[in-house]
Amino acid sequence: MRRTGPTNINLRLLIKELNKYAKDYNAPIWSYVAELLSRPARKRVVVNLSKLNRYANDGDVVVVPGKVLGGGSLTKKITLATVSISLPALEKVRGSGSRVIHIKDLIREFPKGSGVKVVI
């Protein structure tokens with residue numbers, strides 16, 4: 001049987017680190033994010049900016065365990081953590097005054113995961 005899930009070594013290391021933080025800091029949000037990232041490529045999370053605009057409030061810290069696409073617009077100032085983001089989405093997010101970081105940086109800023117929203 002073929003292996004399913006990520007074959008990208010960087011993604012596999014990120015999943016391992018997320019599980020470590022979930023165990024060390026008793027933060028189940030990071031194990032949930034790791035589980036979503038462990039899916040096969042065809043089942044991974046893809047979120048448009050319009051969905052982020054709908055569910056996030058000003059000042060929220062949002063994690064997208066997948067890819068962010070540029071469909072729609074973002075009018076709120078948020079901190080967005082993701083594994084991958086398209087170039088049009090990156091330009092729109094930065095244009096709204098929001099901050100984009102990698103999930104690895106987010107778990108170092110919020111090791112307990114409190115105040116972090118997961119958008120899928």
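Annotation for Ala89 and Ile85: closest pair CB-CG1, 3.7 Å, computed over non-hydrogen atoms. Scanning both residues, Asn57 and Lys117, for their nearest heavy atoms gives ND2-NZ, 3.7 Å. Minimum heavy-atom separation, Val33 to Ile103: CG1-CD1, 4.4 Å. Residues Ser31 and Ala22 approach most closely at N-CB, 3.6 Å, considering heavy atoms. Closest approach of Lys92 and Gly70 over heavy atoms only: NZ-O, 2.6 Å. Nearest approach of Gly66 to Thr82, heavy atoms of both residues: O-OG1, 2.8 Å.
Using a 4.5 Å heavy-atom threshold, the side chains of Ser98 and Leu80 count as separate. Between Leu106 and Trp30 the shortest side-chain heavy-atom distance falls below 4.5 Å. Counting heavy atoms from C-beta on, the side chains of Arg99 and Thr79 come closer than 4.5 Å. Between Leu14 and His102 the shortest side-chain heavy-atom distance falls below 4.5 Å. Side-chain contact between Val93 and Leu52 is absent, with no heavy atoms from C-beta onward closer than 4.5 Å. The side-chain heavy atoms of Arg39 and Pro65, taken from C-beta on, include no pair separated by under 4.5 Å. In this structure, Ile101 and Glu109 have side chains that are in contact, with non-hydrogen atoms separated by less than 4.5 Å.
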- Task: Decide side-chain contact (heavy atoms from CB on, under 4.5 Å) for Lys67 and Arg44; before the verdict, give the C-alpha distance in whole Å, the side-chain angles of both, and the deciding distance to 0.1 Å.
- Result: CA-CA 8 Å; Lys67 186 162 188 154; Arg44 282 201 201 121; over 6 Å; no
- Message: I'd like to know whether Val68 forms a side-chain contact (heavy atoms from CB on, under 4.5 Å) with Leu49, so could you lay out the CA-CA distance, the side-chain angles of the two residues, the decisive distance to 0.1 Å, and finally the verdict.
- Response: CA-CA 7 Å; Val68 177; Leu49 289 178; 3.9 Å; yes
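Rounded to the nearest 0.5 angstrom, Ile9 CD1 and Lys16 NZ are separated by 8.5 Å. Distance check: Ile29 CD1 to Ser114 OG gives 9.0 Å after rounding to the nearest 0.5 Å. Here the straight-line distance linking atom NZ of Lys43 with atom OG of Ser38 works out to 13.0 Å at 0.5 Å rounding. Between atom OH of residue Tyr25 and atom CD1 of residue Ile107 there is a gap of 9.5 Å, rounded to the nearest 0.5 Å.
Hydrophobic cluster membership differs between Leu69 and Val47, with clusters built from Ile, Leu, Val, Met, Phe, Trp and Tyr side chains linked at under 4.5 angstrom. When the side chains of ILVMFWY residues are joined at heavy-atom separations under 4.5 Å, either directly or via intervening members, Leu74 and Ile120 end up in a single hydrophobic cluster. Following chains of ILVMFWY side-chain contacts shorter than 4.5 Å, one cannot reach Leu37 starting from Val46, and the two form parts of different hydrophobic clusters.
Listed for the Lys51 side chain is no donor-acceptor partner under 3.5 Å among the backbone atoms of Gly71. With hydrogens and angles disregarded, a donor-acceptor distance shorter than 3.5 Å links the side chain of Asn53 to the backbone of Thr75. Judged purely by atom type and a 3.5 angstrom limit, Asp58 uses its side chain to pair as donor or acceptor with the backbone of Lys77.
Results of the side-chain contact (heavy atoms from CB on, under 4.5 Å) test with Val83 over Asn8, Leu11, Val63 single out Leu11 as the only residue that passes.
Annotation for Lys104: atom NZ counts as buried by contact number, over 12 foreign heavy atoms lying within 6.0 Å. More than 12 heavy atoms of other residues, nucleotides or ligands lie within 6.0 Å of CZ in Arg54, so this atom counts as buried by the packing criterion.
Scored by the ring-ring contact (aromatic ring centres under 6.0 Å, His included) test, Tyr32 finds no partners at all (sequence neighbours excluded).
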